[in-house]
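Here's the structure we're looking at; comments come further down.
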Amino acid sequence: MKKIVVFTGAGISAESGLSTFRDSDGLWEKYRVEDICTHEAWERNPQLLVDFYNARRRDALKAQPNAAHIAIARLQQAMPSTQIITQNVDDLHERAGAKNVVHLHGEITKLRSSINETATVPLEGWEQHYGDRHPDGSLLRPYIVFFGEGVPYFTLACDIASTADIMIVVGTSLNVYPAASLLQYAPDKAQIYLIDPGQPALSPYGARIQHIRKKATEGVPQLVESILSNAEE
Ligand code: APR
């Protein structure tokens, strides 16, 4: 049975009503990264970041998984070796039924220690109260990988990508490294499908990518259907 690795970005959650970052109405059109997504910003004005991520958490909890999230969960149920890596901090993959999702840039439903990047605690509801502390005594902060910080699970993600027979990439501009370089870890023989109505930065990957210029909720179910019907042959 073919090993499938799925790699998603903000575009897969766009049709669930969650903003992407670099589209015309994206988050980085409204906020400066240096104000809300760097360690310096956290040090400078932690309450601003707590408020910003509380608002994003509230939106994420109100959003529902869409047909693309559901199709990927169905694929994993039918082909259990399928592994899912996401740049997204929402939990829509999990709420669609996906298991063991690797979140490269954190999880909005969790908070983390200020001194240990992988020491997380679950957060009930949408609101973090600035000043609450982690069991290790440090101030709790949003479990978000800020720009310039390490990506703790990147090596794990590379190991997973290197096992792919098929890689399905959905809704990412491929602008942010090291995450975008995951495509380079797919074996040469792997088929790589990209589902995105826009024009991600594909040049480093050349002609080996089959770009399906469709929205996630149309392109992902169609591709999953095709893979599952071939798997039965
Ligand atoms: N279906 C599929 N793709 C879509 C849809 C849709 N309905 N709508 C938009 N897209 C695509 C856009 O064409 C674009 O290629 O989703 C992509 C969104 O790109 P970005 O906004 O850059 O999001 P992403 O690639 O996930 O950003 C990576 O950057 O800011 C950091 O940590 C943040 O994880 C994020 C990382």
Side-chain angles (χ1 to χ4, degrees), residues 6-39 41-42 49 52-53 55-57 59-60 63-72 84-93 96 101-110 112 117 141-154 157 167-184 192-205 209-224:
V6 179
F7 175 46
T8 63
I12 197 171
S13 298
E15 290 162 272
S16 294
L18 297 181
S19 292
T20 62
F21 294 92
R22 294 169 187 83
D23 287 328
S24 54
D25 57 348
L27 281 170
W28 299 150
E29 294 300 312
K30 301 168 190 140
Y31 301 91
R32 294 182 340 139
V33 166
E34 52 271 35
D35 292 341
I36 44 107
C37 199
T38 63
H39 188 77
W42 172 251
L49 273 72
F52 174 80
Y53 288 102
R56 285 193 60 206
R57 189 175 299 109
D59 295 343
Q64 294 303 317
N66 62 49
H69 298 105
I70 291 164
I72 289 167
I84 300 156
I85 302 162
T86 187
Q87 299 171 90
N88 299 339
V89 296
D90 63 58
D91 62 346
L92 295 179
H93 279 302
V101 178
V102 176
H103 285 264
L104 289 179
H105 295 157
E107 296 179 66
I108 199 95
T109 56
K110 297 177 182 173
R112 60 152 271 202
E117 61 184 5
R141 53 164 269 193
Y143 177 40
I144 301 291
V145 176
F146 294 146
F147 280 91
E149 293 186 323
V151 180
Y153 298 114
F154 181 63
M167 180 176 273
I168 302 173
V169 183
V170 187
T172 174
S173 63
L174 296 171
N175 267 306
V176 172
Y177 284 79
S181 66
L182 270 186
L183 277 69
Q184 291 165 341
I192 303 180
Y193 297 96
L194 168 74
I195 299 168
D196 191 314
Q199 189 49 55
L202 289 178
S203 51
Y205 314 105
I209 292 185
Q210 187 171 334
H211 187 178
I212 300 167
R213 293 182 190 293
K214 291 181 179 175
K215 288 189 171 185
T217 57
E218 185 187 353
V220 175
Q222 288 172 350
L223 180 58
V224 166

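In listed order, ligands and their atoms are each counted from 1.
- If you check which protein heavy atom lies closest to atom 18 (C) of ligand 1, you get G171 O, 3.9 Å.
- Interface of F147 with ligand 1, defined as ligand atoms under 4.0 Å from a residue heavy atom, comprises 30 (O), 31 (C).
- Of the protein's heavy atoms, G11 O, 3.4 Å lies nearest to atom 6 (C) of ligand 1.
- In this comparison of Q199, Q87, R22, the heavy atom closest to atom 31 (C) of ligand 1 sits on R22.
- Closest heavy-atom contact between A216 and V170: CB-CG1, 3.8 Å.
- Looking at T172 and P200, their side chains never come closer than 4.5 Å, going by heavy atoms from C-beta outward.
- Counting heavy atoms under 4.0 Å from ligand 1, residue E15 touches it through the side chain alone.
- Which of L27, D23, T172 comes nearest to atom 12 (C) of ligand 1 through a heavy atom is settled by distance: it is D23.
- Closest protein heavy atom to atom 26 (O) of ligand 1: A10 N, 2.8 Å.
- Nearest protein heavy-atom contact of atom 35 (C) of ligand 1 is F21 CE1, 3.6 Å.
- Side-chain contact between V169 and Y193 is absent, with no heavy-atom pair separated by less than 4.5 Å.
- Regarding atom 1 (N) of ligand 1, its nearest protein heavy-atom neighbour is A216 N, 2.9 Å.
- In this structure, atom 3 (N) of ligand 1 lies nearest to the protein heavy atom P197 CD, 3.3 Å.
- Taking the side chain as every heavy atom from C-beta outward, E107 and D91 never approach each other to under 4.5 Å.
- For Y31, the OH atom counts as loosely surrounded, since its 6.0 Å shell holds 12 or fewer non-hydrogen atoms of other residues, nucleotides or ligands.
- Residues that satisfy the side chain to side chain donor-acceptor pair (under 3.5 Å) test with K215, not counting sequence neighbours, are absent from this structure.
- When only non-hydrogen protein atoms are considered, atom 32 (O) of ligand 1 lies nearest to H105 ND1, 3.3 Å.
- The shortest side-chain heavy-atom distance between N175 and F21 does not fall under the 4.5 Å cut-off.
- W42 and F146 have tilted rings, their planes meeting at an angle from 30° to 60° on a 0 to 90° scale.
- Which of F146, W28, Y177 comes nearest to atom 30 (O) of ligand 1 through a heavy atom is settled by distance: it is W28.
- Set against the non-hydrogen atoms of G198, the atoms of ligand 1 under 4.0 Å away are 13 (O).
- Ranking protein heavy atoms by distance to atom 8 (N) of ligand 1, first place goes to A14 CB, 3.8 Å.
- Residue-level proximity to ligand 1 for V176 is carried by the side chain, the only part with a heavy atom below 4.0 angstrom.
- Scanning V151, L104, N88, D196 for the heavy atom closest to atom 14 (C) of ligand 1 points to D196.
- Of all the heavy atoms of S173, the ones lying under 4.0 Å from any atom of ligand 1 are found in both the backbone and the side chain.
- Judged as a salt bridge (charged side-chain N to carboxylate O under 4.0 Å, His left out), the pairs with a partner in residues 28-38 (not counting sequence neighbours) are, in order, R32-E34, R32-D35, D35-R44.
- When side chains are defined from C-beta on, P142 does not count as touching F52, because their heavy atoms never get closer than 4.5 Å.
- The two atoms that bring H69 and S16 nearest to each other are CE1-OG, 3.7 Å, heavy atoms only.
- Near G9, the atoms of ligand 1 lying under 4.0 angstrom from a non-hydrogen atom of the residue are 26 (O).
- Within the structure, the closest approach of G26 to ligand 1 does not fall below 4.0 Å when heavy atoms are considered.
- Between I108 and Y53 the shortest side-chain heavy-atom distance falls below 4.5 Å.
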